[in-house]
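Report on the structure given below.
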Amino acid sequence: ELNPKAVIVIFGATGDLAKRKLFPSIFRLYRNKKIAEEFAVVGVGRRSWSDDEFRSNVKSSISSFQSDSAEADEFASHFHYHSFDVTNPESYLELKGLLDDLDGSYNIPGNRIFYLAMAPEFFGTIAKQLKTQGLTAVQGWSRLVIEKPFGRDLPSANELNDEIREAFSEDQIYRIDHYLGKEMVQNIEVIRFANALFEPLWNNRFISNIQVTSSEVLGVEDRGRYYESSGALRDMVQNHMMQMVALLAMEPPIKLTTDEIRSEKVKVLRAMRPIEGERVEDYFVRGQYDQGLIDGKQLPGYREENNVDQESNTETYAAGKIMIDNFRWAGVPFYIRTGKRMETKSTKIVVEFKDIPMNLYYNSQEKENKHPNLLVIHIQPDEGITLHLNAKKTEGGAYTKPIRLGFWNNSVDTFNTPEAYEKLIDDCMRGDATNFTHWDEVALSWSFVDKISKIWEKEKAVFPNYASGSMGPREADELLEKDGFHWWPVT
Ligand code: BG6
């Protein structure tokens with residue numbers, strides 16, 4: 001189905017995100033006939049590029065998807081470049097002229113998406129100027145898409161929010177959390193609420209703990225400057241990890257509308273036990289990568305990376321125990337962990353069920369505990385679900401072996417599996433904000449995370465404490481061991 005016609009304005013069009021994610025996603029929407037023949041994209045950036053330079057950049061970003069150069073040319077012809085100075089009102093007036101012209105030439109009824117994919121310090125300025133200079137006063141709709149980071153703590157997020165709210169109302173603001181665009185993250189709700197099997201067990205009577213892991217092999221790459229002021233807690237936990245926990249823990253919404261779903265997620269975030277003061281040490285663990293070997297390559301430690309302080313106190317790994325103090329979840333720990341330079345790139349959710357009341361069977365002669373039932377949601381790189389059960393061991397009557405029932409979503413033709421960004425841009429064009437974060441969610445998760453960063457900033461850690469290529473520091477294992485659990489492997 002065709003989306004409404006709109007001009008998409010990308011601020012930061014010469015940057016990495018635009019090239020790696022946004023142009024390819026728009027191309028896929030175009031090829032899948034989600035956007036009309038009459039559409040326009042305006043790239044805005046500081047560099048003085050010509051339309052032609054911009055278009056060849058667009059073409060190179062989609063070159064792996066198509067080989068038909070006529071199609072690429074036709075697609076790229078819809079792209080226009082506008083070089084601008086973020087603080088200069090003149091620049092916005094020129095942009096306005098360009099947008100009005102494009103509305104005319106492509107027959108677009110004044111619908112606009114302003115996509116901020118650039119340094120966050122300018123988010124507020126841009127939003128305000130867009131309004132002051134009249135760019136949002138259109139016949140159709142105008143929407144603001146805003147990339148992370150949305151602030152670096154609650155006060156700065158609040159300030160940013162106030163600034164953008166001067167120009168856009170909450171329902172015009174689409175705050176990106178790209179994990180919400182991932183196919184299997186969207187599947188969490190479906191697995192839970194479209195099956196009779198799981199929901200009756202989805203509570204503290206039957207689930208012993210839930211583990212959410214998002215590990216990366218990459219280090220900080222060239223983002224040392226940003227990362228030094230962020231760290232894993234702000235970069236991954238405040239947004240992606242907490243969003244996954246909210247989806248796992250929320251009550252069934254009464255309807256699948258944006259407001260209903262968001263309000264259930266907000267309730268989860270409100271029920272999270274605040275981790276502050278002396279409690280931080282018991283509930284959260286931080287790590288920083290040392291040198292180490294990955295795929296036969298010796299890699300530098302975090303403190304040796306570019307733009308990183310040689311005595312940096314920044315965590316590249318965080319693990320924690322989140323308790324949701326409500327009727328459904330009282331007593332069930334949600335363990336999360338995420339880090340850079342770990343053994344494998346993987347995002348997985350493991351739901352561990354409680355033991356059966358009495359053991360009739362064992363899974364070895366040593367009478368070890370049998371294997372608990374697990375439901376594993378594989379988010380990436382593999383997409384699927386596996387259910388871990390016990391079955392009879394062929395050779396021994398009273399012995400069991402663990403078996404798995406599996407479903408894999410991986411399509412043979414990767415072009416057909418939409419990318420996270422493709423889905424999110426599509427949602428935004430259709431005006432569906434469900435898979436974007438509401439301000440209340442952002443505020444609550446900052447307030448949770450701020451209490452932890454406050455302690456971590458004050459107390460210097462003994463870093464580095466995990467080798468590149470490992471699964472993180474020893475303390476993260478102890479975090480579960482003291483509760484009688486262990487991390488289930490994600491490899
Ligand atoms: C981003 C973080 O939000 O998510 C990055 O800023 C991180 O540091 C990335 O690498 C991970 O995303 P994905 O989709 O590769 O798991």
Test: salt bridge (charged side-chain N to carboxylate O under 4.0 Å, His left out). Region: residues 275-291. Which pairs qualify, not counting sequence neighbours? none
No-hydrogen, no-angle side-chain donor-acceptor test under 3.5 Å, Asp153 and Ser156: yes
Any carboxylate oxygen within less than 4.0 angstrom of a Lys/Arg side-chain nitrogen, looking at Asp450 and Lys454? no
Reference residue Thr314; test side chain to side chain donor-acceptor pair (under 3.5 Å); the match among Glu228, Gln288, Arg303: Glu228
What pairs of residues pass the salt bridge (charged side-chain N to carboxylate O under 4.0 Å, His left out) test when at least one of them lies in residues 482-491, not counting sequence neighbours? Lys321-Asp483
Side chains of Ile176 and Phe436: closer than 4.5 Å at any heavy-atom pair? yes
Check this for me: Asp295, atom CG, are more than 12 non-hydrogen atoms of other residues, nucleotides or ligands nearer than 6.0 Å? no
Say whether Ser169 and Asp171, considering side chains only, have a donor N or O and an acceptor N or O under 3.5 Å apart. yes
Is Ile349 close to Leu375 at the side-chain level, that is, under 4.5 Å between some pair of heavy atoms? no
Can you confirm whether the side chains of Asn465 and Tyr317 place a donor and an acceptor under 3.5 Å from each other? no
Please determine if Lys267 and Glu264 form a salt bridge, counting it only when a charged side-chain N lies under 4.0 Å from a carboxylate O. yes
Donor on one side chain, acceptor on other, Lys348 and Ser346, under 3.5 Å: yes
Under 6.0 Å between ring centres: does that hold for Tyr302 and Tyr289? yes
With a 3.5 Å cut-off and no angle check, do the side chains of Thr316 and Tyr466 form a donor-acceptor pair? yes
Do Ser215 and Glu343 have side-chain atoms, one donor and one acceptor, less than 3.5 Å apart? no
With Trp488 via ring pair (Phe, Tyr, Trp, His ring centres under 6.0 Å) - residues at least two apart: His371, His486
Compute whether any side-chain donor of one residue and acceptor of the other, for Arg175 and Asn239, lie under 3.5 angstrom apart. no
side-chain contact (heavy atoms from CB on, under 4.5 Å) involving Asn435 - partner list, sequence neighbours excluded: Leu180, Gln186, Leu424, Asp427
Is the shortest distance from a Lys or Arg side-chain nitrogen in Lys460 or Glu311 to a carboxylate oxygen in the other one below 4.0 Å? no
Applying side-chain contact (heavy atoms from CB on, under 4.5 Å) to Lys345 and not counting sequence neighbours gives Glu216, Val217, Gln380
Identify, with sequence neighbours excluded, every residue that meets ring pair (Phe, Tyr, Trp, His ring centres under 6.0 Å) alongside Tyr179. His240
